[in-house]
Amino acid sequence: MNKQSIVFTGGGSAGHVTPNIAIINELSKNEWKVHYIGSKKGIEKELITKMGLPYYGISSGKLRRYMDAENVKDVFRVLKGIMEARSLLKKINPKLVFSKGGFVSVPVIIAASSLKIPIYIHESDLTPGLANKISQRFSTKIFTSFEEAAKHFPANKTVVIGSPIRKEIFSGDKERGKKYLGFTKERPILTVMGGSLGAKKINETVRDSLQELTAKYQIVHLCGKGQKDDSLDNTTSYRQFEYVNEELSDILAATDTIVTRGGSNAIFEFLALKIPMLIIPLTKKQSRGDQILNAEAFTKKGYSLTLDEEKLTKNSLIESLENLEKNREKIISMQTSPMGDALSVLIKEIQSNR
Ligand SMILES: CC(=O)N[C@H]1[C@@H](OP(=O)(O)OP(=O)(O)OC[C@H]2O[C@@H](n3ccc(=O)[nH]c3=O)[C@H](O)[C@@H]2O)O[C@H](CO)[C@@H](O)[C@@H]1O
């Protein structure tokens with residue numbers, strides 16, 4: 001069978017890569033030759049090269065919404081990235097470019113558009129990020145996780161499909177997870193996921209509350225790169241990891257309750273697994289506020305509770321968790337996503353380009 005090439009792009013944080021991985025894993029290896037264009041140093045490089053796929057790092061600039069001397073340099077970095085992406089795309093000659101957003105995707109999309117290559121983009125958040133805002137006009141089709149996101153894009157090329165979730169997330173084994181963590185049956189497991197890059201204030205508050213929390217839970221703390229606290233390594237009922245890969249599905253299968261940032265992909269995964277979650281979204285000071293909107297939408301639908309980071313203290317964390325546990329059955333009963341299988345929809349759409 002003749003293979004067609006497809007280029008994936010997206011990066012900066014895992015949320016702009018794991019949906020691509022979900023799709024790549026489901027594409028037939030006999031039919032598609034997958035290539036990935038990402039940044040030179042982002043997390044996508046590590047995650048994709050680990051899969052043994054051809055990875056090309058290009059120059060990319062941060063797209064800031066504020067005045068900064070770096071902006072000028074970044075304009076040149078983006079222009080350089082466009083030239084590099086253009087020359088790669090000419091060589092690869094793909095049938096399609098699929099983008100999950102993030103700064104690095106912009107040069108790739110502009111280059112693909114100049115070569116008249118069809119472009120699909122997926123927006124995970126309730127409102128579009130700057131990269132997808134720029135990219136939408138060059139795109140052939142736009143897919144969104146949230147229903148609410150569709151109104152920000154042209155109706156004639158936008159489809160609401162939900163979040164493409166890695167299949168292996170559903171194949172976790174509870175007992176294997178407990179064994180890996182060295183946890184017993186006695187107490188429930190609380191997993192803390194501070195976003196793929198970690199979350200300083202959440203990490204600090206969880207660590208300050210360990211005595212109280214470990215009286216009720218066994219804790220898995222996914223704390224982000226460089227944010228492990230080695231002095232806590234021997235704490236009973238507490239395990240910390242910077243980032244977990246294959247082990248994540250078993251850990252989630254063993255997890256009873258989650259404390260999480262409001263990153264879209266993570267919360268859609270927990271929703272699909274029906275795990276009650278307390279969302280502590282990234283503040284407006286640190287971001288464009290997308291996680292606040294994601295959290296609001298989830299909590300309004302009864303999938304989660306939300307705690308604002310400004311109100312996050314040891315007491316509010318413990319109180320919010322008590323509240324979550326009180327409502328756990330109700331939350332689990334609400335956790336039925338109205339949307340179908342986003343991954344199958346995307347695979348079908350991609351196949352139609354062969
Ligand atoms: C700081 C920042 O800009 N955050 C954004 C980023 O979040 P971030 O990169 O944290 O993305 P998400 O929470 O959406 O997704 C994280 C992904 O990493 C995986 N994971 C995480 C930890 C781990 O140890 N192992 C692992 O596999 C999760 O299962 C998930 O698939 O992209 C999201 C999707 O556009 C946005 O909603 C967030 O606002």
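In each ligand, atom 1 is the first atom listed, and ligand 1 is the first ligand listed. Fair warning: this is a prediction, and the values are worked out from it, not measured in the lab.
With a 4.0 Å cut-off on non-hydrogen atoms, Arg261 does not touch ligand 1 at all. The part of Leu282 lying near ligand 1 is the side chain, judged by heavy-atom distances below 4.0 Å. With a 4.0 Å cut-off on non-hydrogen atoms, Thr18 touches ligand 1 through its side chain and not its backbone. With a heavy-atom cut-off of 4.0 Å, Asp125 touches ligand 1 through its side chain alone. Only the side chain of Asn294 comes within 4.0 Å of ligand 1, counting heavy atoms alone; its backbone N, CA, C and O stay farther away. Residue-level proximity to ligand 1 for Glu242 is absent, since no heavy atom of it falls below 4.0 angstrom.
With respect to Arg239 and Glu247, no salt bridge is recorded, no charged nitrogen being found less than 4.0 Å from a carboxylate O. The pair Glu310-Lys201 does not meet the salt-bridge criterion, since no charged nitrogen lies less than 4.0 angstrom from a carboxylate oxygen.
Looking at heavy atoms from C-beta onward, Ile37 lies in side-chain contact with Leu89 at the 4.5 angstrom threshold.
To the nearest 0.5 Å, the span separating CD on Glu349 from CD1 on Ile161 amounts to 8.0 Å. Note that the CG atom of Leu232 and the NE2 atom of His221 stand 9.5 Å from one another [nearest 0.5 Å].
Among the atoms of Leu222, none of the N or O lies under 3.5 angstrom from an N or O of ligand 1. The N/O atoms of Glu269, backbone and side chain alike, include one that comes under 3.5 Å of an N/O atom in ligand 1.
Note on ring orientation: taking the six-membered ring where Trp is involved, the planes of Phe143 and Tyr120 are perpendicular (angle over 60°, cut-offs 30° and 60°). Using cut-offs of 30° and 60° for the angle between ring planes, the Phe8 and Phe98 rings count as tilted.
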side-chain hydrogen bond (donor to acceptor under 3.5 Å, both in side chains) for Ser39 and Glu44? Distances and angles first, verdict last. CA-CA 7 Å; Ser39 63; Glu44 62 275 22; 2.5 Å; yes
Gln286/Thr283 under side-chain hydrogen bond (donor to acceptor under 3.5 Å, both in side chains): CA gap, chis, key distance, verdict: CA-CA 5 Å; Gln286 300 156 283; Thr283 63; 2.6 Å; yes
Is there a side-chain hydrogen bond (donor to acceptor under 3.5 Å, both in side chains) between Asn327 and Asn323 once you walk through the steps? CA-CA 6 Å; Asn327 288 291; Asn323 201 3; 3.1 Å; yes
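Atom numbering of ligand 1 starts at 1 in the shown order; those under 4.0 Å from a heavy atom of Leu248 are 26 (C), 27 (O), 29 (O). Taking every non-hydrogen atom of Val244 and a distance limit under 4.0 Å, the qualifying atoms of ligand 1 come out as 23 (C), 24 (O), 25 (N), 26 (C), 27 (O). Atoms of ligand 1 found under 4.0 Å from any heavy atom of Gln291 (numbered from 1 in listed order, with element): 4 (N), 38 (C), 39 (O). Short contacts between ligand 1 and Asp290, defined as distances under 4.0 Å to a heavy atom of the residue, involve ligand atoms 36 (C), 37 (O), 38 (C), 39 (O). Close contacts of ligand 1 with Ala266, meaning ligand atoms under 4.0 Å from a residue heavy atom, involve 12 (P), 13 (O), 14 (O), 15 (O).
Atom 27 (O) of ligand 1 has its closest protein heavy atom at Tyr243 OH, 3.1 Å. For atom 10 (O) of ligand 1, the nearest non-hydrogen atom of the protein is Ser196 N, 2.8 Å. If you check which protein heavy atom lies closest to atom 14 (O) of ligand 1, you get Asn265 N, 2.8 Å. Protein heavy atom nearest atom 11 (O) of ligand 1, with residue, atom name and distance: Gly15 CA, 3.1 Å. The protein non-hydrogen atom at the shortest distance from atom 7 (O) of ligand 1 is Ser13 OG, 3.9 Å. Nearest non-hydrogen protein atom to atom 18 (O) of ligand 1 is Ala14 CB, 3.4 Å.
The list of salt bridge (Lys or Arg N to Asp or Glu O under 4.0 Å) pairs with a residue in residues 173-194, not counting sequence neighbours, reads Arg176-Asp250.
Aromatic rings from Phe268 and Phe146 are positioned such that their centres are separated by under 6.0 Å.
Within 4.0 Å of atom 37 (O) of ligand 1, at least one protein heavy atom is present.
Of the candidates Thr191, Leu252, Ile279, Phe270 forms a side-chain contact (heavy atoms from CB on, under 4.5 Å) with just one, namely Leu252.
Judged by the shortest distance from any of its heavy atoms, Ser264 lies inside the 4.0 Å radius around the atoms of ligand 1.
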